[in-house]
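Numbers here are sequence positions counted from 1.
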Amino acid sequence: MILAIDVGNTRIKAAVFEGTTVLDNFVFLKTELEKNIQNILKKHEKLTHLVVSSVSDVEKQAFSAFENLVKVHFVSHNDPFPFVNCYETPQTLGIDRMVNAAGATLQFPNQNRLVIDAGTCVTYDFIDESNNYQGGAISPGLGLRYAALHNFTAKLPLLELEKPEHFMGKSTSKSIHSGVVNGLVYEIDGFIDEYKALCPKFIIILTGGDTVFLAKRLKNTIFANSNFLLESLNQLFQYKIKND
């Protein structure tokens, strides 16, 4: 049994896998890491491996307390991946993006794939049918867009995510909701249209914390899975075991 852990910019997500089956899911704050992992290990005593993907400032030492209970593995650029990294600066490609690309490659073989991860940041990653990672884009997520409008202006309020009533906002708050939400939706659909012009046939995978909110607002047909990164982390670890 494997405990897959995704240390993001905002929260930590974790899932217990037996083979490819998800037995349990968890979401918690970074400050609660040690307590929650201890509880998970007590609940699932048959866990043998802890596999971590991190883009945050959580240090490896935070997991050292568990090394006498399970084997701890941090995904790194030196691990085997099921794709060729064609990024011009391969060592700067985020581990989370590499894990998503690996999952897309393994789950959807012999296809062109676009992975869109909508979390604190929104990342776009394209892997072609020959398993070449070609690149993508990074932009602010919904939370960052709301925060930026408040933090870098004198009078705009900090709002919580809310469905816009109409694309034409009739008040300042409604205008902010329209600009933030519709702006990101138009961005995502626009990127998808650009990829369609480049490559007519490909699968679109939407994941990340804002998956459910965004999926119903996009005009394009997508495969939506908010747990895709954790599933990809488990698949990548199985791939590593086979190729070590």
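Following chains of ILVMFWY side-chain contacts shorter than 4.5 Å, one can reach V99 starting from I2, so the two form part of one hydrophobic cluster. Residues V185 and L206 share a single hydrophobic cluster, defined by chaining ILVMFWY side chains whose heavy atoms lie under 4.5 Å apart. Transitive grouping of hydrophobic side chains (ILVMFWY, heavy atoms separated by less than 4.5 Å) keeps L229 and L214 in distinct clusters. In the hydrophobic clustering of this structure, L159 does not group with F152; members are Ile, Leu, Val, Met, Phe, Trp, Tyr whose side-chain heavy atoms approach within less than 4.5 Å, directly or through other members. Under the 4.5 Å side-chain contact rule for hydrophobic residues, V122 and V181 share a cluster.
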Would you sort out whether F28 and K13 count as a side-chain contact (heavy atoms from CB on, under 4.5 Å), showing the intermediate values?
-> CA-CA 7 Å; F28 47 89; K13 296 181 181 180; over 6 Å; no
Verdict with supporting geometry, L142 and F213, side-chain contact (heavy atoms from CB on, under 4.5 Å) = CA-CA 10 Å; L142 289 170; F213 184 84; 4.0 Å; yes
Stepwise ring-ring contact (aromatic ring centres under 6.0 Å, His included) test for F223 and F108 | CA-CA 11 Å; F223 172 74; F108 304 99; 5.5 Å; yes
Worked check of side-chain contact (heavy atoms from CB on, under 4.5 Å) between I40 and V16 | CA-CA 9 Å; I40 295 170; V16 175; 4.0 Å; yes
Step by step, work out the side-chain contact (heavy atoms from CB on, under 4.5 Å) result for I192 and I204.
-> CA-CA 8 Å; I192 292 172; I204 306 162; 3.6 Å; yes
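Closest non-hydrogen pair, F17 versus A4, comes out as CE1-CB, 3.8 Å. Closest of all the heavy-atom pairs between D117 and G208 is OD1-CA, 3.2 Å. P82 and T105 get closest at one heavy-atom pair: O-CG2, 3.3 Å. The minimum heavy-atom distance between L236 and P80, with the atom names listed, is CD1-O, 3.6 Å. When all heavy atoms of I127 and A104 are compared, the closest pair comes out as CD1-CB, 4.2 Å. Nearest heavy atom pair, residue M1 against residue L23, reads CE-CD1, 3.6 Å.
A heavy-atom distance below 4.5 Å is found between the side chains of I12 and L33. V75 places none of its side-chain heavy atoms less than 4.5 Å from the side chain of V52. At least one side-chain heavy atom of L93 sits less than 4.5 Å from a side-chain heavy atom of Y133. Put simply, the side chain of N227 reaches to within 4.5 Å of the side chain of N25, judged on heavy atoms. Side-chain contact between F167 and Y186 is present, with at least one heavy-atom pair separated by less than 4.5 Å. You'll find the side chain of I37 reaches within 4.5 Å of the side chain of L50, heavy atoms only. The shortest distance between side-chain heavy atoms of E129 and Q111 does not fall below 4.5 Å. Put simply, the side chain of V180 reaches to within 4.5 Å of the side chain of I176, judged on heavy atoms.
Checked against the 6.0 Å centroid criterion, the rings of Y124 and Y195 do not qualify as a close aromatic pair. A centroid separation of less than 6.0 Å is found between the aromatic rings of F63 and F74.
Between the side chains of T20 and Q235, no donor N or O sits under 3.5 Å from an acceptor N or O. Residues D125 and N100 have side chains that never bring a donor and an acceptor to within less than 3.5 angstrom of each other. With hydrogens and angles left out, the side-chain atoms of Q134 and D128 include a donor and acceptor closer than 3.5 Å.
Between the CG atom of L230 and the OG1 atom of T207 there is a distance of 8.0 Å, given to the nearest 0.5 Å. To the nearest 0.5 Å, the span separating OG on S232 from CE on M98 amounts to 13.0 Å. Interatomic distance, CZ of R113 versus CG of L106, reported as 8.5 Å (0.5 Å rounding). S139 OG to L184 CG: the interatomic distance, rounded to the nearest 0.5 Å, is 6.0 Å. Atom SG of C86 sits about 4.5 Å away from atom CG of N132, to the nearest 0.5 Å. Taking CG of N151 as the reference point, atom CG of L158 lies at 7.0 Å (rounded to 0.5 Å).
In this structure, Q38 places its CD atom where more than 12 heavy-atom neighbours from other residues, nucleotides or ligands lie under 6.0 Å away.
With hydrogens and angles ignored, the 3.5 Å screen pairs no side-chain donor or acceptor of H44 with any backbone N or O of K46. Panel note: side chain S178, backbone K174; no donor-acceptor pair is recorded below 3.5 Å. Of the possible donor and acceptor atoms, none in the side chain of N112 sits under 3.5 Å from a partner among the backbone N and O of C199.
Under a 4.0 Å N-O distance rule, the pair E187/R145 qualifies as a salt bridge.
Between F237 and H49, the angle of the ring planes lies from 30° to 60°, which puts this pair in the tilted group.
Listed by first and then second residue, the salt bridge (charged side-chain N to carboxylate O under 4.0 Å, His left out) pairs that reach into residues 70-87 are D79-K240, sequence neighbours excluded. Within the structure, every pair that satisfies the side chain to side chain donor-acceptor pair (under 3.5 Å) test and touches residues 86-95, not counting sequence neighbours, is listed here: Y87-R97, T89-T92. Sorted by first and then second residue, the salt bridge (charged side-chain N to carboxylate O under 4.0 Å, His left out) pairs with a member in residues 194-221 read D193-K219; sequence neighbours excluded.
When each of H177, E162, E160 is tested with Y146 by the rule side-chain hydrogen bond (donor to acceptor under 3.5 Å, both in side chains), just one qualifies, namely H177.
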